[in-house]
Amino acid sequence: MSDSGDVAVARALTTWFRRHGRVLPWRVRGRSSRRDGYRTLVSELMLQQTQVSRVLAHYEAFVARFPDVRTLAHAREQSVLAAWSGLGYYRRAKHLHGAAKMIHHEHQGRVPCDVASLGRLPGVGAYTAGAVASLAFDRPEAIVDGNVSRVLQRLNGRRESAADAGAWAWAAADALVRSACAVGLSPGDLNEALMELGATVCTPRGPRCGACPVRDRCVARASGSQEDIPLPKPTSPRRRLHCASVVAVDGRGRVLIEQRGPDGLWADMWQAPTLERLDRPPTRSELAEYVLGRAADAGMLRRAGGFEHQTTHRRVRFVVYTARSVPAGDGRVLKSSRALSAIPISNAQRKVLAMAGVG
DNA sequence: AAGTCGGGGCA
DNA sequence: TGCCCAGACTT
């Protein structure tokens, strides 16, 4: 695309965004008429691979609980994970916590505004560094996420292979930001407009081309190929996982929970005692052995139900049992059902507890 | 370059 | 059901 074309696109997108951009909590500007770096960083970590509608359910409570870098840096990781519960990709919460510590100790508590420093923070890659730098500090940095890549490929009539899409999109985004800056437009506004267009108009399926501010400059639309761009990502089949959980409630209504290991799925999250197998469901005896210490006590387990839970790479089948008089200790602790809201628990395990009438 | 990490919404 | 989402990190 020519430079003059880029300038026209940048102008049209920026103007459109001012009129049609959604009001989102992390876009609200303070008295400085600029976005807060910390709040922007929090939102960008939450938004990695996660839709706006899902982040809305957690963002405000999170920044209310951890209003600034110092508060988050001094928090316990478990309480950060608890505030992240339900959002998924829990490693991001640990990364954000680590980033706050690094900012507190190495940047005097101020979120850095250059992509080099931002990129050294845990959990901050090329996209997030560019996003914080441009959106919060109006630095002339490009960003490419799924939305931007799709918008730029369609606009230019490209259908890049998965291997080439990244490099091509970054070059195109970079050229566009430079053109915008050259005529005095805000790089932050341009980047946000690109993402907003992808999220609300130039959607993966059923794009609303009639509402697009750059439809007359879109090569894909001219040829009617917008639905064929971008190429679908190669998908690997979901592997199966079988989980059997025991929800044990004592005489005072407290629930027994245990913590998962530090690696793999739902790392460090808490759960009702759960046994996992890749190939087949655990047997009742195996479960009784795991929870009660005696395979012969399988009769004490009462089946409460089951459900299917999906993640990107797994198809998890849960079977839920209830039991009485299960011993605590050995890492297992009793918690009142009211206290569970302050403990890191995945949505899958919330379903397990709900199925047994807890929560 | 490929695998892993959640979870929900939508055609 | 399959696909996608304001990606990053490890191997």
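- No donor-acceptor pair closer than 3.5 Å links the side chain of S117(A) to the backbone N or O of D114(A).
- Across every non-hydrogen atom of E141(A) and N191(A), the tightest pair is O-ND2, 2.9 Å.
- On the nucleic acid side, DNA chain B contacts chain A at distances under 4.0 Å to non-hydrogen atoms, with the end points of that region at dT4(B) to dG8(B).
- Here dT1(C) presents its C1' atom at 9 Å from CZ of R238(A), a figure rounded to the nearest Å.
- In the displayed structure, R252(A) atom CZ is contacted under 6.0 Å by at most 12 heavy atoms of other residues, nucleotides or ligands.
- At a threshold of 4.0 angstrom between heavy atoms, the contacts of W84(A) with the nucleic acid are absent.
- Within 4.0 Å (heavy atoms only), R150(A) reaches sugar-phosphate atoms of the nucleic acid but no base atom.
- Residue contacts for S43(A): at a heavy-atom cut-off of 4.0 Å it reaches no nucleic acid atom on any strand shown.
- For an aromatic pair to be called close, the ring centres must be under 6.0 Å apart, and Y90(A) with W266(A) fails this.
- Rounding to whole angstrom units, CE of residue M46(A) and C1' of dA6(C) are separated by 13 Å.
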Derivation and outcome, side chain to side chain contact (heavy atoms under 4.5 Å, CB included), residues W168(A) and N156(A): CA-CA 11 Å; W168(A) 180 86; N156(A) 292 281; 3.6 Å; yes

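- Taking every heavy atom of residues 53-67 of chain A and every atom of DNA chain C, no pair lies under 4.0 Å.
- Comparing L121(A) and W26(A) by the nucleotide of DNA chain C that holds the closest heavy atom to each, the one mapping nearer the 5' end is W26(A).
- Of the residues R314(A), R260(A), R240(A), the one that meets the salt bridge (Lys or Arg N to Asp or Glu O under 4.0 Å) test with E276(A) is R260(A).
- Between R22(A) and E196(A), at least one side-chain nitrogen of the basic residue sits less than 4.0 Å from a carboxylate oxygen of the acidic one, meeting the salt-bridge criterion.
- Among the atoms of the strands shown, none is found under 4.0 Å from any heavy atom of G206(A).
- Distance, L118(A) CG to dA6(C) P: 21 Å, rounded to whole Å.
- Using a 4.0 Å heavy-atom distance criterion, G86(A) is classed as a sugar-phosphate-only contact.
- Whole-Å rounding puts the E308(A) CD to dG2(C) P distance at 12 Å.
- To the nearest whole angstrom, the two P atoms, one in dG8(B) and one in dA8(C), are 23 Å apart.
- Put simply, Q49(A) has no side-chain N or O that comes within less than 4.0 Å of OP1 or OP2 on dC5(C).
- Residue-level contact check: V148(A) touches neither bases nor backbone, having no heavy atom under 4.0 Å from any strand.
- Here the nucleotide nearest the side chain of T235(A), chosen from dA6(C), dC3(C), dA8(C), is dC3(C).
- A straight line from CG of L45(A) to P of dA8(C) spans 9 Å, rounded to a whole angstrom.
- Annotation: dT11(C) and dG6(B) have their P atoms spaced 16 Å apart (nearest Å).
- Going from atom CD of E44(A) over to atom P of dC5(C) covers 15 Å, rounded to whole Å.
- Straight-line distance from the CZ atom of R92(A) to the C1' atom of dC9(C): 13 Å, rounded to whole Å.
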Worked check of side chain to side chain contact (heavy atoms under 4.5 Å, CB included) between L81(A) and M269(A): CA-CA 8 Å; L81(A) 272 178; M269(A) 304 291 281; 4.1 Å; yes

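- Rounded to the nearest Å, the gap between the C1' atom of dA6(C) and that of dA11(B) is 23 Å.
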Worked verdict on R92(A) versus Q48(A) for side chain to side chain contact (heavy atoms under 4.5 Å, CB included): CA-CA 9 Å; R92(A) 295 179 297 170; Q48(A) 288 170 3; 3.6 Å; yes

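- Using a 4.0 Å heavy-atom distance criterion, L194(A) is classed as making no nucleic acid contact.
- Here L87(A) lies in heavy-atom contact (under 4.0 Å) with a base.
- Nearest-nucleotide assignment on DNA chain B puts the 5′-proximal partner with S236(A), out of S236(A) and L265(A).
- Positionally, the nearest nucleotide of DNA chain C for Q310(A) lies more toward the 5' end than for the other of Q310(A) and T50(A).
- What separates CZ of R205(A) from C1' of dT1(C) is a distance of 12 Å, to the nearest Å.
- Among the atoms of the strands shown, only primed sugar atoms or phosphate atoms (P, OP1, OP2) are found under 4.0 Å from some heavy atom of T128(A).
- Salt bridge status for R158(A) with E160(A): present, with a side-chain N to carboxylate O gap under 4.0 Å.
- Salt bridge annotation for R280(A)-E286(A): present, with a cationic side-chain nitrogen under 4.0 angstrom from a carboxylate oxygen.
- Counting any heavy atom pair closer than 4.0 Å across all strands shown, A163(A) reaches no nucleic acid atom.
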